[in-house]
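If you scroll down you'll find the structure; I have some questions about it.
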2 protein chains.
Amino acid sequence: MAKLQKSAHADDAPLEYGTDVAPDGASIDQGLLQDFMGMYLRRAYEVAYEDFRRRLGKDAMQPGYFTILTLIVRNPRISQTQIGAASARDKSSVTKALRAMEDAGLIQRLRSGSDRRIHLSVATEEGIAMQKQMEIKAADHVKALHDAIGPDRYEAFLTTMKDMIRTLEETAVAKDAKL
Amino acid sequence: MAKLQKSAHADDAPLEYGTDVAPDGASIDQGLLQDFMGMYLRRAYEVAYEDFRRRLGKDAMQPGYFTILTLIVRNPRISQTQIGAASARDKSSVTKALRAMEDAGLIQRLRSGSDRRIHLSVATEEGIAMQKQMEIKAADHVKALHDAIGPDRYEAFLTTMKDMIRTLEETAVAKDAKL
DNA sequence: TATTGTTATACTCTATAACTATA
DNA sequence: TATAGTTATAGAGTATAACAATA
């Protein structure tokens with residue numbers, strides 16, 4: 001490869017270098033990226049998130065809160081530790097989400113009478129209504145995914161993904177234990 | 001449902017409320033969340049990202065930069081617009097990534113002789129070495145995914161995911177066009 | 001001592017918008 | 001006018017660590 005001078009971006013302009021042009025978009029060599037699942041997992045998450053967010057519109061909570069609100073509606077008096085475990089989020093993240101939902105009047109938090117460390121969450125009427133409304137949008141979203149994937153492949157895809165998550169979670173735990 | 005007073009978190013302590021306890025982790029009712037793919041797509045991305053990051057260790061670039069570095073190694077003199085298109089990232093995100101890689105001595109940026117607006121990227125020897133090293137870790141990572149998913153399901157899973165991404169991207173474009 | 005939750009803080013990844021320069 | 005890239009800024013979403021209250 002030809003020798004190149006370093007371009008110190010803070011000071012110099014990039015160095016000129018011949019007249020070749022890079023290949024256009026259609027002919028980019030992605031090499032092993034073509035099958036690099038990490039990239040597709042990221043992208044799949046992104047496009048699905050975007051789809052759900054667009055369907056929810058601006059009158060609903062953000063997509064990420066749907067999970068927590070649904071957990072609370074379906075499990076009145078759920079604790080924050082339980083919410084964290086069920087949604088794979090740190091307790092500090094749960095606190096922040098619950099704070100926002102409480103401020104929005106969607107939930108209320110109580111203390112357990114039997115163990116005063118525990119904060120229980122229940123949905124308000126507004127929270128229940130919001131959850132129902134979001135669930136309708138979620139159903140549309142799931143239908144879009146269903147159509148995109150194809151009915152014949154949907155179940156297998158979901159099952160495979162769950163298996164993958166479980167296995168990698170176990171691997172991670174095993175590795176952490178070795179440290 | 002019983003009447004509950006609002007707890008203004010900034011001032012009051014949460015209200016006490018009886019002695020019931022929420023169900024324990026094993027018995028959480030996830031309702032439709034059980035099949036809410038959005039949650040699994042997020043989680044799948046997270047666990048895969050974590051796995052790759054752990055395999056890369058701290059001597060490599062972060063997982064997200066592997067894609068860009070690989071694109072540059074395999075497509076010398078690729079432009080930033082092309083990198084953005086191939087990695088589904090905004091040009092400002094690409095600039096930031098390239099800046100970091102240039103500072104780390106992994107790439108150099110040049111200007112096209114034929115169109116001086118275009119900045120071309122090429123990998124340095126160090127960049128090529130880094131990419132090779134990361135590619136080895138990426139192969140380990142892919143193998144872990146392969147094992148987690150099962151060889152018989154791997155290809156179908158990847159294909160389905162690509163189809164899903166493409167379809168949802170098209171849907172998004174179509175919706176944007178309607179605005 | 002261990003657990004539940006809160007808070008302050010910070011990190012990662014990313015995009016938007018206004019800009020410069022080039023075409 | 002349009003395009004390539006830069007910069008300043010912001011914002012989502014999340015976690016870490018130190019902490020108070022309670023067990």
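These figures come from a predicted structure and were not determined experimentally. Reminder, nothing fancy here: chain letters follow the sequence lines and each chain counts from 1. The analysis underlying the following values was restricted to heavy atoms, covering all of them including side chains, and did not include hydrogens, waters or symmetry mates.
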Handout entry: B:R109 side chain near D:dA4 phosphate (N/O to OP1/OP2, under 4.0 Å)
Key = no
Problem - Whole-Å gap separating P (C:dA15) and CZ (A:R53) - result: 12 Å
Handout entry: Interatomic distance where CD1 belongs to A:I107 and C1' belongs to C:dG5 [whole Å]
Key =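 A:I107 atom CD1 is separated from C:dG5 atom C1' by 13 Å.
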Exercise for the section: Name the nucleic acid region contacted by A:T81, choosing base, sugar-phosphate or nothing; use a 4.0 angstrom heavy-atom cut-off, strictly under. Expected result: sugar-phosphate
Exercise for the section: Taking side-chain hydrogen bond (donor to acceptor under 3.5 Å, both in side chains) as the test, write out the residues that go with B:E126, two or more places apart. Expected result: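 Only B:T124 meet the side-chain hydrogen bond (donor to acceptor under 3.5 Å, both in side chains) criterion with B:E126.
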Problem - Residues that B:S92 engages under side-chain hydrogen bond (donor to acceptor under 3.5 Å, both in side chains), provided they are two or more places apart - result: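 Testing B:S92 for side-chain hydrogen bond (donor to acceptor under 3.5 Å, both in side chains), a comparison that skips the adjacent residues, returns B:D90.
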Completion exercise
Contacts of A:Y65 meeting ring-ring contact (aromatic ring centres under 6.0 Å, His included) (sequence neighbours excluded), chain-then-number -> none
Practice task
Provide, to the nearest angstrom, the distance between the CG atom belonging to B:L120 and the P atom belonging to D:dG5.
Solution key: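 Rounding to the nearest Å, CG of B:L120 and P of D:dG5 are 8 Å apart.
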Handout entry: 5′-ward residue of the pair A:P63/B:T95 relative to DNA chain D
Key = B:T95
Problem - Side-chain N,O (A:Q80) to OP1/OP2 (C:dT3) below 4.0 Å - result: no
Exercise for the section: Considering just the side-chain nitrogens and oxygens of A:H119, establish if one lies under 4.0 Å of OP1 or OP2 belonging to C:dT6. Expected result: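 Indeed, a polar side-chain atom of A:H119 lies that close.
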Practice task
Sequence neighbours left out, what passes side chain to side chain contact (heavy atoms under 4.5 Å, CB included) with B:Q133? Give chain and number order.
Solution key: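 Counting only residues at least two positions away or on another chain, B:Q133 forms a side chain to side chain contact (heavy atoms under 4.5 Å, CB included) with B:A60, B:M130, B:K137.
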Problem - Under-4.0 Å salt bridge between B:E50 and B:R53 - result: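 Yes, this pair counts.
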Practice task
Any chance you could list the contact pattern along nucleotides 14-23 of chain D? Use B for base contacts, S for sugar-phosphate-only contacts and - for none, protein heavy atoms under 4.0 Å, 5' to 3'.
Solution key: BBB-B---BS
Problem - Listed partners of A:F157 passing ring-ring contact (aromatic ring centres under 6.0 Å, His included), at least two apart - result: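 Result, ring-ring contact (aromatic ring centres under 6.0 Å, His included) vs A:F157: B:F157.
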Practice task
Using whole Å, report how far CZ of A:R99 lies from P of C:dG5.
Solution key: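 It is 14 Å, rounded to the nearest whole Å.
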Practice task
Write down the distance between CG (B:L98) and P (D:dA4), rounded to a whole number of angstrom.
Solution key: 15 Å
Problem - Check: B:Y40 ring centroid to A:Y45 ring centroid under 6.0 Å - result: no
Practice task
Send over the distance from A:K58 NZ to D:dG11 P, rounded to a whole Å.
Solution key: 18 Å
